[in-house]
Amino acid sequence: MNTFLQLSTLIPPHLQLPYTTPTLLVRHLHHLESTTPHGVYTLIHGVSPQDLDLIDIALRENALRRRTRFTYEESIQSLIIRFMPSIGHEVVSREFAFEIKQRVVGAHRGGYADRGVYNCGGGRFGVPGVRGVRSKEGDEALRPATRGRDGWPSVVVEVGSPSHAPNLRLDASWWLENSSGSTKMVIILCAGSDPDSLHIETWEMVLLANTHGHDTRHRPAPAPTVTSPGPTQTITIDKDGVLTPRNTGLVIPYDILFDVDADAPPHDGGGTGRDIVFTSEELKEFAVGMFDAY
């Protein structure tokens, strides 16, 4: 089962509906706006690529587009809309991406002077080489300047409520599985209230153990490399700013955020460049500051 279908199974029946007109879809989202203040996933069946364009226009005309993210699968004519009516959602995602950018700028002397990274926000990225249209939009998408205007992001940020953690993990899987290796890390931020909390996960393609490789003479053969999306860092910050695990920082490795040229001379600090690091104290300050906004 592909990731889109897995994500679809998490959407309850009352949030699944056939597509009829852009006007009725706008009405549906306005209803969700008044009943689900912390966001919701809704599945729309029977959406053609032409319908997708009309939906895009209608949501823009009704001031809803900035609060939605699309995941589209033409092969089954289906669209998942992640609707985030809260301003707090936008604050958390934008501020976190800003914090990453600040660390890039602040580390220029450590090797970033000749490399840049752009925030593509909620831009839509289509999967090349797939029959039909398969595309997705994230909350924030950081792309190295070396990739040009059509390149995919290396790091994506997805934000939601704790109740949508399973959905966000499948969002992360979608990026990692469909980007042909271009997206190397997805950062999930689950911002909760009552009580305030911030749960952070990073997802990457991780190696899986494989013990099934044998030759015809029953001698162990080298196991093929098998990778799958999985969590690599997990941090929770409670309402008092206490981190679990304690004294744990968040690291975005240099060679994940940037495209590393193997022939380039090493930067100051050794290796290819300095990693982007959020210390435990910086994570605490960010989380506590966001609790008032979310």
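Linking ILVMFWY residues whenever their side-chain heavy atoms come closer than 4.5 Å, directly or via other members, places Leu5 and Leu7 in the same cluster. Cluster annotation: Val277 and Val117 are assigned to distinct hydrophobic clusters (Ile/Leu/Val/Met/Phe/Trp/Tyr, side-chain heavy-atom contacts under 4.5 Å, transitive). Each of Met84 and Leu59 belongs to its own hydrophobic cluster when Ile, Leu, Val, Met, Phe, Trp and Tyr are linked at side-chain heavy-atom distances under 4.5 angstrom. No continuous path of hydrophobic side-chain contacts links Val242 to Phe291 [ILVMFWY only; heavy atoms under 4.5 Å]. Hydrophobic clustering of Ile, Leu, Val, Met, Phe, Trp and Tyr side chains at less than 4.5 Å, counting indirect connections, keeps Tyr118 apart from Val155.
Here the shortest heavy-atom pairing between Met290 and Val91 reads SD-CG1, 3.9 Å. Summarising the geometry of Val157 relative to Val159, their closest heavy-atom pair is CG1-CG2, 4.1 Å, with the distance given to 0.1 Å. Minimum heavy-atom separation, Val92 to Phe286: O-CZ, 3.9 Å. Across every non-hydrogen atom of Leu198 and Ala287, the tightest pair is CD2-CB, 3.9 Å. Shown here for Pro153 and Thr183, the closest heavy-atom pair between the two residues is O-OG1, 2.8 Å. When every heavy atom of Pro144 is checked against every heavy atom of Ser154, the shortest pair comes out as CD-OG, 3.6 Å.
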For the pair Val206 and Thr232, evaluate side chain to side chain contact (heavy atoms under 4.5 Å, CB included) and give the outcome as yes or no after the intermediate values.
CA-CA 8 Å; Val206 297; Thr232 52; 3.6 Å; yes
Start with the C-alpha distance between Phe96 and Leu189, add both sets of side-chain angles, then the distance that settles side chain to side chain contact (heavy atoms under 4.5 Å, CB included), and finish with yes or no.
CA-CA 9 Å; Phe96 191 78; Leu189 304 178; 3.7 Å; yes
In sequence, state the C-alpha distance, the side-chain angles, and the governing distance for Ile276 and Ile256, and then conclude on side chain to side chain contact (heavy atoms under 4.5 Å, CB included).
CA-CA 10 Å; Ile276 300 297; Ile256 278 183; over 6 Å; no
Could you please spell out the steps behind the side chain to side chain contact (heavy atoms under 4.5 Å, CB included) verdict for His199 and Thr234?
CA-CA 8 Å; His199 179 76; Thr234 302; 3.3 Å; yes
Asp139/Arg94 under salt bridge (Lys or Arg N to Asp or Glu O under 4.0 Å): CA gap, chis, key distance, verdict:
CA-CA 8 Å; Asp139 285 317; Arg94 292 291 173 88; over 6 Å; no
Name the atoms and distances for all side-chain donor-acceptor pairs under 3.5 Å in residues 10-26, with sequence neighbours left out.
residue : atom : partner : partner atom : Å
Gln16   : NE2  : Ile11   : O            : 2.7
Thr21   : OG1  : Leu24   : N            : 3.2

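Note on residues 175-189: no pairs pass salt bridge (Lys or Arg N to Asp or Glu O under 4.0 Å), not counting sequence neighbours. For residues 146-156, the set of pairs meeting the salt bridge (Lys or Arg N to Asp or Glu O under 4.0 Å) definition, not counting sequence neighbours, comprises Arg147-Asp259. For residues 197-208, the salt bridge (Lys or Arg N to Asp or Glu O under 4.0 Å) pairs, not counting sequence neighbours, are Arg169-Glu201. Residue pairs satisfying the side chain to side chain donor-acceptor pair (under 3.5 Å) criterion with at least one member in residues 238-252, sequence neighbours excluded, are absent. Counting only residues at least two apart or on different chains, the salt bridge (Lys or Arg N to Asp or Glu O under 4.0 Å) pairs with a member in residues 26-49 are Glu33-Arg67.
Inter-residue side-chain proximity for Pro229 and Met205 is flagged as met; some heavy-atom pair is nearer than 4.5 Å. By the 4.5 Å heavy-atom criterion applied to side chains, Leu168 and Pro166 are not counted as neighbours. Between Arg69 and Phe83, every side-chain heavy-atom pair lies at or beyond the 4.5 Å cut-off. Between Leu52 and Leu79, some side-chain heavy-atom pair lies under the 4.5 Å cut-off. Contact check for Tyr41 versus Asp171: side-chain heavy atoms found under the 4.5 Å cut-off. Inter-residue side-chain proximity for Ile235 and Leu283 is flagged as met; some heavy-atom pair is nearer than 4.5 Å. Val47 has its side chain out of reach of Gln77: every pair of non-hydrogen atoms, C-beta onward, lies at least 4.5 Å apart. At a threshold of 4.5 Å between non-hydrogen side-chain atoms, the residues Ile81 and Phe70 count as touching.
Of the inter-residue distances, the one linking Arg103 atom CZ with Phe98 atom CZ reads 10.0 Å to the nearest 0.5 angstrom. Here the CD1 atom belonging to Ile55 is positioned 8.0 Å from the OG atom belonging to Ser48, to the nearest 0.5 angstrom. Here the CD1 atom belonging to Ile252 is positioned 9.5 Å from the CG atom belonging to Asp275, to the nearest 0.5 angstrom. Here Ile188 contributes atom CD1 and Gln233 contributes atom CD; the two are 12.5 Å apart, rounded to the nearest 0.5 Å. Atom CG of residue Leu29 and atom NE2 of residue His31 lie 11.0 Å apart, to the nearest 0.5 angstrom.
Checking side-chain atoms of Glu74 against main-chain N and O of Val133 turns up a donor-acceptor pair under 3.5 Å. Thr279 places a side-chain N or O within donor-acceptor distance of the main-chain N or O of Glu282, the cut-off being under 3.5 Å. Under the 3.5 Å distance criterion, the side-chain polar atoms of Asn178 are left unmatched by any main-chain donor or acceptor of Val127. Arg134 places no side-chain N or O within donor-acceptor distance of the main-chain N or O of Pro128, the cut-off being under 3.5 Å. Using a distance-only test at 3.5 Å, with no hydrogens or angles considered, no donor-acceptor pair links the side chain of Glu90 to the main chain of Ile87. Counting only distance, with no hydrogens or angles, the side chain of Ser161 and the backbone of Gly192 share no donor-acceptor pair below 3.5 Å. Checking side-chain atoms of Ser78 against main-chain N and O of Ile76 turns up a donor-acceptor pair under 3.5 Å.
Using modelled atom types and a 3.5 Å distance limit, the side chains of Ser193 and Asp196 yield no donor-acceptor pair. Counted by atom type alone, Glu73 and Ser75 present one or more donor-acceptor pairs between their side chains at under 3.5 Å.
Ring geometry for Trp152 against Phe125 counts as tilted: the plane angle lies between 30° and 60°, on a 0 to 90° scale.
Applying the side chain to side chain contact (heavy atoms under 4.5 Å, CB included) rule to Asn119 yields the partners Ala97, Glu140, Leu142; only residues at least two apart in sequence or on another chain are considered. For Asp56, the side chain to side chain donor-acceptor pair (under 3.5 Å) test picks out Arg60, Arg65, Arg124, with sequence neighbours left out. Residues satisfying the ring pair (Phe, Tyr, Trp, His ring centres under 6.0 Å) test with Tyr72, not counting sequence neighbours, are none. With sequence neighbours left out, the ring pair (Phe, Tyr, Trp, His ring centres under 6.0 Å) criterion links Trp174 to no other residue. Applying the side chain to side chain contact (heavy atoms under 4.5 Å, CB included) criterion to Ser8, with sequence neighbours excluded, gives Phe4, Leu43, Ile80. Every residue was checked against the salt bridge (Lys or Arg N to Asp or Glu O under 4.0 Å) condition with Glu95, not counting sequence neighbours, and none meets it.
Look at Arg82 and Glu158 and you find a salt bridge, because one of the NZ, NE, NH1 or NH2 atoms lies within 4.0 Å of a carboxylate O, short of that distance.
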